[in-house]
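What follows is a single structure, written as structure tokens, with notes after it.
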Amino acid sequence: MYYVSTRNRNARLTAAEAIAQGLAADGGLLTPEVFPLLAPNALDSMKDMSYQQRAVYVMNSYLDDFSASELSGFAASAYGPDKFDVKEVAPVRAVDGNTYCLELWHGPTCAFKDMALQMLPHLLSASLVKNDEKKTACILVATSGDTGKAALEGFRDVKGTCILVFYPKDGVSAIQELQMNTQEGENVGVCSVVGNFDDAQTGVKKLFSDEPLREELAKRGYFFSSANSINWGRVLPQIVYYISAYCDLMKAGSINKGDLINICVPTGNFGNILAAYYAKKMGLPVGKLICASNSNNVLTDFLRTGVYDRNRTFYNTMSPSMDILISSNLERMLYELSGGDDAEVRRYMADLSASGRYEVSDAIKAKLTGLFASGYCDDAGTQETIGRMWREHKYLIDPHTAVAFRVLEQYRRETGDQTPAVVASTASPFKFCDSVLGALGVTELREGTGIIDQLAEVTGVAAPAPLASLKDKTVRFHQTVTREHMVDQVLEMLR
Ligand SMILES: *Cc1c(COP(=O)(O)O)cnc(C)c1O
């Protein structure tokens with residue numbers, strides 16, 4: 001199977017090339033040329049498999065140039081008991097008779113990014129060998145919080161790679177900062193940048209395009225790479241857990257094979273919900289894909305009207321990982337729905353960069369309406385939902401997950417559609433203690449990591465070990481640089 005750019009379907013790459021490259025040379029996203037279909041007995045076969053085996057089964061159908069035994073090794077390291085605190089890896093919890101929650105945060109950094117960022121480093125490292133790349137890949141990341149830590153954990157001590165994370169000094173929570181600065185591993189580096197996320201992001205982009213720096217690093221045996229969510233190696237591992245959830249529901253007798261389920265996803269960059277769409281395209285019985293947004297509701301409007309318009313107020317919300325106005329992975333969806341018309345995708349993307357706006361064709365609008373439902377929820381609604389889920393179901397959820405539950409409720413009220421629904425739960429509530437405690441009515445919050453114990457005491461729910469143990473970890477990284485000095489930091493680390 002080959003991979004093509006959403007902006008040029010004639011340039012074909014192997015899976016290993018697509019993963020090593022990340023982004024297509026023309027700026028498009030690398031996407032499978034054709035999608036594999038689930039065999040008629042696939043769900044029955046996978047029902048009795050472990051999560052690791054399901055991952056191999058699904059990923060193998062996309063990665064011709066990787067063997068099943070290779071993938072088994074990756075799945076064992078990525079999703080093993082030393083990384084995930086439940087053996088199901090991505091367990092499905094019943095919330096009520098027809099609502100299920102797919103918990104994607106049992107990994108080392110307690111957010112769903114682990115599901116992909118535990119696997120990507122193995123895929124990338126093996127791809128470099130397959131491509132006969134002799135240099136070490138230096139992964140550069142600018143992060144507003146969750147991605148940086150998940151990437152550090154994923155790439156730590158992975159052969160042929162090293163990773164350097166820049167975060168904004170004024171832009172991450174105290175706990176997120178501590179999570180990153182206590183990172184272990186021989187091939188990792190962390191540094192804060194004076195300013196906000198834009199400063200860090202702009203600085204990293206400048207490093208990528210700094211020719212003298214590239215030449216110097218090539219001499220030293222390094223090249224830059226990215227762990228960005230548009231890499232195919234991050235989307236593919238996410239398809240697995242939707243299929244796995246369906247198998248778990250079959251196994252529990254909650255549904256019969258062939259029954260439709262709806263899937264509701266709290267969405268930012270459109271990667272997670274795109275993976276759910278690909279699972280449906282492979283033949284998983286999925287009814288509606290429900291796209292949940294916070295007050296940055298550019299996707300709600302787009303899915304309802306066919307007009308994507310980023311010219312709007314940006315809100316900082318209590319679900320910060322969804323505070324996004326350009327959802328990069330949407331480009332893959334447009335490619336799909338245009339029937340692989342790369343010229344049409346190029347037009348939309350050109351409009352987006354010129355005016356921040358595009359309007360899709362009537363044909364695409366009709367397909368979007370058929371596939372997706374959408375809705376959004378503000379901070380007040382998010383808080384109310386966290387409080388109510390706790391009171392009514394004794395189920396503690398984070399603000400991102402709360403947005404999804406709220407939008408699912410709205411959808412059911414508006415449509416009467418009572419199809420069993422799976423809600424993607426994307427972070428542990430203990431990553432967002434202040435918002436969650438606030439939603440539970442607690443007004444006096446403890447300082448620093450004390451807030452983790454406080455949420456555990458108030459609810460009687462145990463904090464995940466990686467967060468509970470933070471207070472005992474040694475801080476390894478202290479550097480803060482200005483944007484202009486990021487380059488020195490790179491040269492210092494890659495000596
Ligand atoms: C990244 C993230 C999201 C958004 O996922 P996308 O794939 O960007 O749509 C939602 N919730 C949490 C907790 C995240 O970290």
Side-chain angles (χ1 to χ4, degrees), residues 29 90 101-118 120 141-154 167 172-173 175-176 179-180 197 227-242 263-279 289-300 302-303 317-333 372 374 376-377 382 386 396-407 423-433 435-436 464 467:
L29 308 194
C101 195
L102 171 58
E103 294 181 350
L104 300 173
W105 42 261
H106 288 277
T109 78
C110 310
F112 99 98
K113 304 277 190 300
D114 288 330
M115 300 301 302
L117 278 166
Q118 281 299 313
L120 173 70
V141 181
T143 182
S144 56
D146 286 348
T147 303
K149 177 62 184 180
L152 284 163
E153 268 302 322
Y167 68 87
V172 301
S173 75
I175 287 177
Q176 286 175 321
Q179 272 191 301
M180 289 188 276
F197 176 61
N228 199 286
S229 78
I230 54 188
N231 191 310
W232 178 250
R234 276 190 63 177
V235 178
L236 177 56
Q238 301 184 24
I239 300 174
V240 176
Y241 49 71
Y242 292 110
I263 297 177
C264 183
V265 184
T267 306
N269 224 350
F270 210 77
N272 203 0
I273 195 166
L274 178 76
Y277 165 76
Y278 286 151
L289 298 162
I290 303 166
C291 176
S293 300
N294 61 27
S295 294
N296 296 296
N297 57 1
V298 61
L299 285 168
T300 314
F302 171 67
L303 293 170
T317 73
M318 63 170 65
S319 43
S321 300
M322 298 154 71
D323 291 344
I324 287 178
L325 288 180
I326 295 198
S327 299
S328 318
N329 262 306
L330 191 56
E331 182 169 342
R332 285 197 169 102
M333 197 71 221
F372 292 94
S374 62
Y376 72 98
C377 154
T382 307
I386 295 172
L396 197 62
I397 55 173
D398 97 290
H400 303 78
T401 308
V403 167
F405 271 105
R406 181 91 171 183
V407 168
V423 172
S425 177
T426 51
S428 158
F430 286 88
K431 273 207 110 162
F432 300 93
C433 294
S435 301
V436 173
L467 295 176

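As the structure lists them, so they are numbered: ligands from 1, and atoms in each ligand from 1. If you read the sequence from its start, that first residue is 1, and numbering goes on from there.
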Just to be sure I read this right, does ligand 1 sit under 4.0 Å from the backbone of Ala111, its side chain, both, or neither, counting only heavy atoms? neither
Can you name the one residue among Asp146, Asp114, Asp398 that meets salt bridge (Lys or Arg N to Asp or Glu O under 4.0 Å) with Lys431? Asp146
List every atom of ligand 1 that sits less than 4.0 Å from any heavy atom of Ala427, numbering the atoms from 1 in the order shown and giving each element. 13 (C)
Determine whether any heavy atom of Ser229 lies closer than 4.0 Å to an atom of ligand 1. no
Just to confirm my output: which protein heavy-atom neighbour is closest to atom 6 (P) of ligand 1, and how far is it? Asn269 N, 3.5 Å
I'd like to check which ligand 1 atoms, numbered from 1 as shown, lie under 4.0 Å from a non-hydrogen atom of Asn272. 7 (O)
Set of ring-ring contact (aromatic ring centres under 6.0 Å, His included) partners for Trp105, sequence neighbours left out: none
Side-chain (Thr267) to main-chain (Ser293) donor-acceptor, under 3.5 angstrom: no
Looking at Gly271, which atoms of ligand 1 are within less than 4.0 Å of one of its heavy atoms? 6 (P), 7 (O), 9 (O)
Side chain to side chain donor-acceptor pair (under 3.5 Å) partners for Ser327, two or more places apart: none
Distance-only N or O hit between ligand 1 and Thr267, under 3.5 Å: no
Tell me whether the rings of Phe372 and Phe270 are parallel (<30°), tilted (30 to 60°) or perpendicular (>60°). tilted
For atom 4 (C) of ligand 1, what's the nearest protein heavy-atom neighbour? Residue, atom name and distance, please. Gly268 N, 3.6 Å
Location of contacts on Lys113 toward ligand 1, heavy atoms closer than 4.0 Å: side chain
Heteroatom distance test (Asp146, ligand 1): nitrogen or oxygen, under 3.5 angstrom: yes
Given 3.5 Å as the limit, does a donor-acceptor pair link the side chain of Lys149 with the main chain of Gln179, or not? yes
Could you tell me whether a side-chain N or O of His400 sits under 3.5 Å from a main-chain N or O of Ala427, the two making a donor and an acceptor? no
Any chance you could lay out the side-chain hydrogen bond (donor to acceptor under 3.5 Å, both in side chains) test for Asn329 and Arg332, step after step, and finish with the verdict? CA-CA 6 Å; Asn329 262 306; Arg332 285 197 169 102; 2.7 Å; yes
Atom 11 (N) of ligand 1 has as its nearest protein heavy atom Thr426 OG1, 2.9 Å
Does only the side chain of Phe270 get under 4.0 Å from ligand 1, or the backbone, or both, or neither? Count heavy atoms. backbone
